[in-house]
Each structure stands twice: as structure tokens, then as C-alpha cells.
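Letters A, B, ... mirror the listed sequences (proteins, then strands); counts begin at 1. Bear in mind that the values here come from a model prediction, so they are computed numbers and not experimental data. These numbers come from the heavy atoms of this one structure, side chains and all, not from hydrogens, waters or symmetry mates.
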Amino acid sequence: MEKLPNLKIAFFGTSDRSLPILDSLNSNFYLVLVVTKTDRKIGRKQTIKRTAVKDWTLDKNIPLVELDKFKEGEAEKIVALFREYDIDYGIVADFSYIVPKELCAVLYGKLINIHFSLLPKYRGASPVQYAILSGDKSTGVTLQLLNFKIDSGDILQTIEYPISSKATSGELYKKLFEISAEKLPKILAGYYSGDIRSIKQDPGLISYTYSRSHNKNTFIYKEDAKIDWKNSSVEIERAIRAFNPWPIAWTTIEDLNSQQARSVLIGQGVNKKFIGEGHKIVKIYEADVVEGKLKPITIQLEGKTKTDWESFLNGYYK
RNA sequence: CGCGGGGUGGAGGAACGGCACCUCGUCGGGCUCAUAAUCCGAAGGUCCCGGUUCGAAUCCGGGCCCCGCAA
């Protein structure tokens, strides 16, 4: 394997799935700074949960900066640290904050974002979910130079990756992080040496991952995951995978009893119906398409634990 | 102490002071070349500890456990 240059790297990220990237950067270059989100209260007990990124960084004794948000003066601090540590590049992946314009401007060319689609397709916060939702056969990862406008930066490299017919968003994200971690060192080295040069995005191919329920917003909302029984079984099954592990596709007892739902679901007698309060939410974690019909596998009724579809029918379908 | 729902045979659910019921599974038997089909029969249950009551799955108090929202 060819020798990689001795680059000094900073990492901006929060997601637990970043760990492979951290490992990769740390073992191939000098990882000298990690920027992450402050600890949050989480769960029913509202206990403080430390991010895996924070644990990893403290464990390796690498300088850590925690941000609550980019507040006044925070960007300048980061720039100062880039100077102090003589940092060559900053890698930004699933950071959960928008990097301020001034930082993009001052450090332009040094900040590289890992985006989980083949840009310029699916700009925005939920690229993997929309790739699955749309039934795409493949998606991928794009390394782009961080620009003041979200996901509009010049592209260093794209890496295509197939979407299996069973893939959930969670699984695919994990995979794409791993691919990124694997390919990142060579790409950074190539960019550094000048072998890789950035290219502009094709304006004709731009698309965004707009929420169905919140106009002009690219995040996923719970309302987006409500199952529309007017859709085909294939589309619904894709939605179930796209919204796993969050927020999980859902419907209600009432909606399950609708004609539309019955025409999509498999194996239900017409004279039978679901009992229970109509407003109760039923989450569908996993489903198959069998003979053109939707066959749920794992479901969960509000307040209850997860169970399989057959058991649910035994109790609720009369 | 963020808000809320819930623990009933092996699984999923009814019953909400008065004989614990239903669907599925399990076991035995019948019918079948055979069967996840069908018929007959059987076993097996109220999370734990107190309290109220003639009587508690049900009401009250205290535990333990599960889950949704929120973040």
C-alpha cells in the first residue's frame, strides 16, 4: 500500500455511526481535534447520555470541543484551533448542526463533508431515507467541499453503493459510514496531492429530500411516517424500511379497518375487524410483500411491546 | 423526581368487586395415503408484598419489570 501523507485532521460529527470514520482517520493520519454536540438528556429517566463520539475521543486522549450550537464567537474559536494545530482538513459527517457561513468561507477547501447520496441528487438532511422511499436501486456517498449553501459544494468523489431490497435506513447508513471510512484516506491523499480535483455539481440533476408534512424542510417528521393506505403494497413496504429505525412507519386501529388498508393487507377476511380504541397507534417495524399484498412481520401497539403480526391478529382481529 | 400507557395459562388479547373468557399454540384421540386441513377431549393462568371487603385480576398503598411521548 502506498504511503499516505502526514495530514492533520479534524472531525466534526455526533452520530454513533461515525466511529469507523474516527478509527480510519486516527490510524491513517493525525486526528488532532474532534468537534461534537454537547451531552443531552435522554430516555424516560432523563439521564445524561454521552455520545459514543465523545467517549471514543476522550479514550484516545484527543482534544474535544463540545458545542451546544454554533453560537456567537464559536466559529472564530474553531478557526483559531485550525491555526493552532495546523490542521489540514476537517471532515464533517452527520454533525447535526449547520456549519456557519463564515467558517465555510474562511476554511473553504479545507472542510470536507460526507453526504450520503450521489449529489446533486437528494440534497438535504434525509438522503438515505428518500433513496429507499423512492425505490432507487442504488445510492452512495459524496465527498464535497463544504459550501455556504447546504450540500451544494464542489464534488471530490462519489462512491456508488447498491440498495438491497431488504435494507432499512439504519442499516444502509451504517454501511455507508463504513464505506466512507474505508475510502476516505485515499481520497484525502489524492485531494492533497492534486490528483483529485473538485468538480461542480450539475444544476440539472439537483433534487432535495423535502418532508411531505413540513413544506421546504428536509428533515423527517413523524407525520411523514404515517402509512398512506392509498399507496401500493410495494410503496408502503419501502416506507416501512425508509422510516426504520426512526420514526417507524405507523397507522391506527381505525385506519387498519378501512377498506383501503384491507385491500392492501394480506389474508384478512372481509367480515372481520380490529378491536380496540380506534386512535391507538400501530407501528409496523418490518413487512414483506407477498403476492402483491402487504404482510406485516413485526408490529407494536401503542403502550405494548413489539410482537409479530400473527400474534397481534390472534388478540385483536375478530 | 419531564408527561403518560401497561403487566391475565406457552403467545396475543377480553373480563374491571361476585363461576376468569376468546384466538393461536401444546398434549391425547378420531377422520385421512397424508397434512399447517377438520372433529372430539385434556393440561396450563391473574408480576411480587401488604391493606380494604363476606368476596379482589378488578379498589387502596408499596415494590419490580415492560412500553409510548418528549429530548
**OP:** Using whole Å, report how far OH of Tyr221(A) lies from P of rC69(B).
**Re:** 17 Å

Original post:
When rounded to the nearest Å, what value does the distance between C1' atoms of rU46(B) and rG13(B) take?
Top reply: 14 Å

Subject >> Euclidean distance for P, rU26(B) against rA15(B) (whole angstrom) >> reply: 28 Å

Subject >> Rounded distance in Å between the C1' positions of rG5(B) and rG18(B) >> reply: 28 Å

Subject >> Separation between NZ of Lys283(A) and CD1 of Ile299(A), rounded to the nearest 0.5 Å >> reply: 11.5 Å

**OP:** Answer with base, sugar-phosphate or nothing: what part of the nucleic acid does Lys283(A) contact at a heavy-atom distance below 4.0 Å?
**Re:** sugar-phosphate

Subject >> G-U wobble or Watson-Crick pairing nucleotide for rC33(B) (cut-off 3.5 Å, both distances) >> reply: none

Subject >> Nucleotide paired to rG68(B) in any strand shown, Watson-Crick or G-U, under 3.5 Å >> reply: rC3(B)

Original post:
In the structure shown, which nucleotide is the Watson-Crick or G-U wobble counterpart of rG17(B), with both distances under 3.5 Å?
Top reply: none

Original post:
Considering only rC66(B), rG68(B), rG12(B), which nucleotide approaches the side chain of Glu302(A) most closely?
Top reply: rG68(B)

Original post:
Are the aromatic rings of Phe274(A) and Phe312(A) close, with centres under 6.0 Å apart?
Top reply: yes

**OP:** To the nearest Å, give me how far apart CD1 (Ile299(A)) and P (rG12(B)) are.
**Re:** 11 Å

**OP:** Assert yes or no for the condition that the ring centre distance of Phe29(A) to Tyr89(A) is strictly below 6.0 Å.
**Re:** no

With a 3.5 Å cut-off and sequence neighbours excluded, list the donor-acceptor pairs that the side chains of residues 112-120 of chain A form with protein atoms.
from      : atom 1 : to        : atom 2 : distance (Å)
Asn113(A) : OD1    : Gln144(A) : NE2    : 2.8
Asn113(A) : ND2    : Val92(A)  : O      : 2.9
His115(A) : ND1    : Asp151(A) : OD1    : 3.3
His115(A) : ND1    : Asp151(A) : OD2    : 3.4
His115(A) : NE2    : Ser117(A) : OG     : 3.2
His115(A) : NE2    : Tyr122(A) : O      : 2.8
Ser117(A) : OG     : Lys121(A) : O      : 2.6
Ser117(A) : OG     : Tyr122(A) : O      : 3.3

Original post:
Using the C1' atom in both, what is the distance from rG12(B) to rG7(B), to the nearest Å?
Top reply: 14 Å

Subject >> Span that lies between the C1' atom of rA56(B) and that of rG51(B), in whole angstrom >> reply: 11 Å

**OP:** Could you please name the option among rC66(B), rG68(B), rG12(B) that lies closest to any side-chain atom of Tyr285(A)?
**Re:** rG68(B)

Subject >> Partner nucleotide of rG9(B) by Watson-Crick or wobble geometry (both distances under 3.5 Å) >> reply: none

Original post:
Whole Å only: how far is the CD atom of Glu310(A) from the P atom of rG10(B)?
Top reply: 21 Å

Subject >> Separation of the C1' atoms in rG55(B) and rC19(B), to the nearest angstrom >> reply: 13 Å

Original post:
Where each residue is assigned the nucleotide of RNA chain B containing its nearest heavy atom, which of Thr307(A) and Lys280(A) is assigned the position nearer the 5′ end?
Top reply: Lys280(A)

Original post:
Within this structure, what is the NZ-to-C1' distance between Lys304(A) and rU8(B), rounded to whole angstrom?
Top reply: 10 Å

Original post:
Is rG41(B) paired to anything, Watson-Crick or G-U wobble with both distances less than 3.5 Å, and if yes, which nucleotide?
Top reply: rC27(B)

Original post:
Whole-Å distance between rG12(B) P and Asn314(A) CG?
Top reply: 10 Å

**OP:** Given side chain to side chain donor-acceptor pair (under 3.5 Å), test Asp224(A) with Ser213(A) step by step and report yes or no.
**Re:** CA-CA 6 Å; Asp224(A) 298 332; Ser213(A) 63; 2.7 Å; yes

Subject >> Between rC60(B) and rA42(B) - C1' atom distance, rounded Å >> reply: 39 Å

Subject >> Atom-pair distance (CG on Asp308(A); C1' on rG10(B)), nearest Å >> reply: 13 Å

**OP:** Scan every strand shown for a Watson-Crick or G-U wobble partner of rU53(B), both distances under 3.5 Å, and answer none if you come up empty.
**Re:** none

Original post:
When rounded to the nearest Å, what value does the distance between P atoms of rU23(B) and rC31(B) take?
Top reply: 25 Å

Original post:
Is any side-chain N or O of Lys37(A) closer than 4.0 Å to OP1 or OP2 of rA71(B)?
Top reply: no

Original post:
If every non-hydrogen atom of Tyr208(A) is compared with every non-hydrogen atom of Lys149(A), which pair is closest and at what distance?
Top reply: OH-NZ, 3.0 Å

Original post:
What integer distance in Å separates Ile248(A):CD1 from rG68(B):C1'?
Top reply: 13 Å

**OP:** Nearest whole angstrom, please: distance from the C1' of rG68(B) to the CD1 of Ile281(A).
**Re:** 8 Å

Subject >> Gln300(A) side chain near rC67(B) phosphate (N/O to OP1/OP2, under 4.0 Å) >> reply: no

Original post:
Between Lys110(A) and Phe82(A), is NZ or CZ placed under 6.0 angstrom from the six-membered ring centre and within 45° of the ring axis?
Top reply: no

